[in-house]
Amino acid sequence: MTRKIFKSITSVSAAVLLICVLCISYVLYGYFGDIIENELRTEARLVAAGMETGDSYLENVRETRNRITVIDEDGTVLFDNKAEASSMDNHGDREEVREAFERGEGSSARYSDTFATKTIYYAVETDQGDVVRVAQDQSMAMLLLEGIIRPFVVILIAVIILSLIFSRIISRRIVAPINEMDLSDKEAVEPYPELAPLMTKIHQQNRHIDAQMVEMERRQREFKTITENMSEGFLLVDSNMEILSYNSAALKLLGSEDVEDPHTAFELNRSKGFRKAVEEALKGRHSQEPLETENNYYNIIANPALENDKVVGAVIIIVDVTEKEQRDKLRREFTSNVSHELKTPLTTIYGVSDMMAEGIVKQGDVKAFGKNIKDESGRMISLIDDIIKLSMLDEDSVQEEEAARINMFAVADEVIKRLQTTADSRKVKLNLKGEDTYVKGVPSLCDEIIYNLCENAIKYNKEEGRVTISVMKEADEAVITVEDTGIGIPAEYRDRVFERFFRVDKSHSSNVSGTGLGLSIVKHAVLHMGGKLELESTEGAGTKITVRLPAE
């Protein structure tokens, strides 16, 4: 702005100075023309007076600067100090000559045919009846004007230089208050009244921008709140794979939590599935690719971001499907285990019954073979019953109308009575301590929880071992603890003991009857009743399992 004002002031100053020079030159040119005409009048009168002294006077004025011509009454040129009089045309028709013969004096200005210049003429009639005419070229006026213009040009240059200096100073002073204005201050007073409409418009724009900024910040907070509370990873990239936005879940799921301020998508993950999903999306195609890490499974879902039908980026969602994959894996394992567990008794039953059908079994062995069939059938029925229980718990199909007020201490006491014979056979001592503690739940599930925990504690205990069952109330929870002095569970298997058919010691488990679903039933029953399970174990020293259920 300073430069523009400077240029404007300088341009206006130069234009004004140029116009002044032209006007002054024009005025001076006319002024000098009047001076020359007065000089010619005086000189013509002097020549006319000198001619009265004799003819020799004219010979003495041949070297004068101005042109002197003598013309008689018929227009014939009698004398001329600049040309041969005999060769000159008749001058009787010349304007200044006619006026001199008529009024005594006459003047005119025209281009001379002889010298091809503009000339000023002045004619005076003498006492002898002739006319004396004095002429001078207009160039004399120009010479006089040039003499004045030269110093004037010097002055003009000096004025221009000063105008440049003052223009710069003035322009800076004009702009300084504008530059010092605080446009964000609504109470600021404009330095010049002419700026009032502009300031009003700026304040309106500021209010509009402030409102837009508030709205943008609100939307940004909403967007950040939504994305940061997503369990899925969110990633937005442009067409060059530069990251525009992301949430913390994306860094966590892609295993890039230690990456600070990532710039490109491939800084977060370079796996084949991730690269393929992003590249396909940037080509304008929806893509879904699996991503597997050491212990987790993810789905990478990528969609192109379009603007005017042109791909400008991609939106990438990382979904954790670990639980689903693990469930599918457990389901496959469960199917395999069930098939294996059912095949063993069925094979035994089929073999024994085949031998009996062929009549190769001695009469004395029929009873033993029949008992074998009964035992294996009972094992199958127990296994199927446990599978049905687990299926019902998985599908949450346990009838809620069966829920009742249950004394967990009484349930534990009843379970101990039922397992006493088994405990005695393994020389394991059962102890119950605590108090009456009530919960609201399904009686059969409460019985299954304590029964399976106690049965496992007996099965995997040492000879002369001990099982302690504790039932008490802590705050708003019913706490049931089953602690044994058995073989314990290695640390690497503690997270898996509640899986279906999982057994830590295969060699020991082969000598222990059961379906391998007891602890899995316990886990699902506790979760169904809104409780929690805690496990503490020391290998070779024993295991402690605590069940916490909401107290009534």
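Position 1 is the first residue of the sequence, and the numbers go up from there.
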Inset, instruction - Could you go through the salt bridge (charged side-chain N to carboxylate O under 4.0 Å, His left out) check for Lys544 and Glu534 one step at a time? - result: CA-CA 8 Å; Lys544 178 181 177 181; Glu534 298 172 2; over 6 Å; no
Inset, instruction - Could you walk me through whether Ile316 and Ile300 pass side-chain contact (heavy atoms from CB on, under 4.5 Å), step by step? - result: CA-CA 7 Å; Ile316 304 158; Ile300 309 297; 3.9 Å; yes
Inset, instruction - Might you work through the side-chain contact (heavy atoms from CB on, under 4.5 Å) test for Ile243 and Leu236, ending with a clear yes or no? - result: CA-CA 6 Å; Ile243 295 175; Leu236 180 64; over 6 Å; no
Inset, instruction - Give the intermediate values and the outcome of side-chain contact (heavy atoms from CB on, under 4.5 Å) for residues Tyr297 and Leu291. - result: CA-CA 6 Å; Tyr297 302 87; Leu291 175 63; over 6 Å; no
Legend entry - Worked check of side-chain contact (heavy atoms from CB on, under 4.5 Å) between Arg133 and Val70: CA-CA 6 Å; Arg133 187 187 69 179; Val70 180; over 6 Å; no
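The pair Arg275-Glu289 fails the salt-bridge criterion, with no side-chain N (NZ, NE, NH1 or NH2) lying under 4.0 Å from an Asp/Glu carboxylate O. With respect to the salt-bridge test (charged N to carboxylate O, under 4.0 angstrom), the residues Arg103 and Glu125 do not qualify. Taking 4.0 Å as the cut-off between side-chain N and carboxylate O, Asp80 and Arg67 count as a salt-bridged pair. Ionic pairing of Lys532 and Glu477 is present here: one or more N-O contacts between side-chain nitrogen and carboxylate oxygen are shorter than 4.0 angstrom. Salt bridge absent: Lys276 and Glu279 never bring a charged side-chain N and a carboxylate O closer than 4.0 Å. With respect to the salt-bridge test (charged N to carboxylate O, under 4.0 angstrom), the residues Glu102 and Arg98 do not qualify.
Here the CZ-CG distance, from Arg548 to Asp476, works out to 10.5 Å after rounding to the nearest 0.5 Å. Rounding to the nearest 0.5 Å places OG of Ser271 at 8.0 Å from CG of Leu254. We find the CD-OG distance between Glu99 and Ser107 to be 6.0 Å, quoted to the nearest 0.5 Å. To the nearest 0.5 Å, the span separating OH on Tyr121 from CZ on Arg94 amounts to 7.0 Å. Ile120 contributes atom CD1, which lies 11.5 Å from atom CZ of Arg41 (distance to the nearest 0.5 angstrom). Going from atom CG of Leu282 over to atom OG of Ser239 covers 7.5 Å, rounded to the nearest 0.5 Å.
Residues Asn299 and Asp320 form no side-chain contact, since every pair of their non-hydrogen atoms from C-beta on lies 4.5 Å or further apart. Side-chain atoms of Thr69 and Val77, non-hydrogen and from C-beta on, do get closer than 4.5 Å to each other. Looking only at side-chain heavy atoms (C-beta outward), Asn90 and Thr76 come within less than 4.5 Å of each other. Two residues are said to be in side-chain contact when any heavy atoms from C-beta on lie closer than 4.5 Å; Val312 and Leu306 fail this criterion. When side chains are defined from C-beta on, Tyr298 counts as touching Leu253, because their heavy atoms get closer than 4.5 Å. Contact of the Asp130 side chain with the Val132 side chain is not registered, since no non-hydrogen atoms from C-beta on lie closer than 4.5 Å. Inter-residue side-chain proximity for Val319 and Ile317 is flagged as met; some heavy-atom pair is nearer than 4.5 Å. In this structure, Leu533 and Val522 have side chains that are in contact, with non-hydrogen atoms separated by less than 4.5 Å.
Closest approach of Ala302 and Ala277 over heavy atoms only: CB-O, 3.4 Å. Heavy atoms only, all atoms of each residue included: Leu549 and Gly531 are closest at CD2-CA, 3.9 Å. Between Glu280 and Ser287, the shortest heavy-atom distance links the atoms CB-CB, 3.6 Å. Across Thr543 and Ser537, no two heavy atoms sit closer than the pair OG1-OG, 2.9 Å. Val124 approaches Ala100 most closely through the heavy-atom pair N-CB, 4.3 Å. The nearest pair of heavy atoms linking Ala250 to Ile318 is CB-CD1, 4.2 Å.
Between the side chain of Asn247 and the backbone N or O of Glu232 there is at least one donor-acceptor pair closer than 3.5 Å. Here the side chain of Asn308 pairs no donor or acceptor atom with the backbone of Lys310 at under 3.5 angstrom. A donor-acceptor pair under 3.5 Å links the side-chain atoms of Asn81 to the main chain of Ile68, judged by distance alone. When atom types are taken as modelled, the side chain of Asp72 and the backbone of Gly129 share no donor-acceptor pair closer than 3.5 angstrom.
There is no side-chain donor-acceptor pair under 3.5 Å between Tyr122 and Glu96. Side chains of Gln212 and His208: a donor on one and an acceptor on the other come within 3.5 Å.
Under a cut-off of 6.0 angstrom, the local environment of CD in Gln220 is sparse, with at most 12 non-hydrogen atoms contributed by other residues, nucleotides or ligands. Remark: Gln288 CD is packed, more than 12 non-hydrogen atoms of other residues, nucleotides or ligands lying under 6.0 Å away. Enclosure of atom CZ in Arg218 by more than 12 non-hydrogen atoms of other residues, nucleotides or ligands within 6.0 angstrom is indicated.
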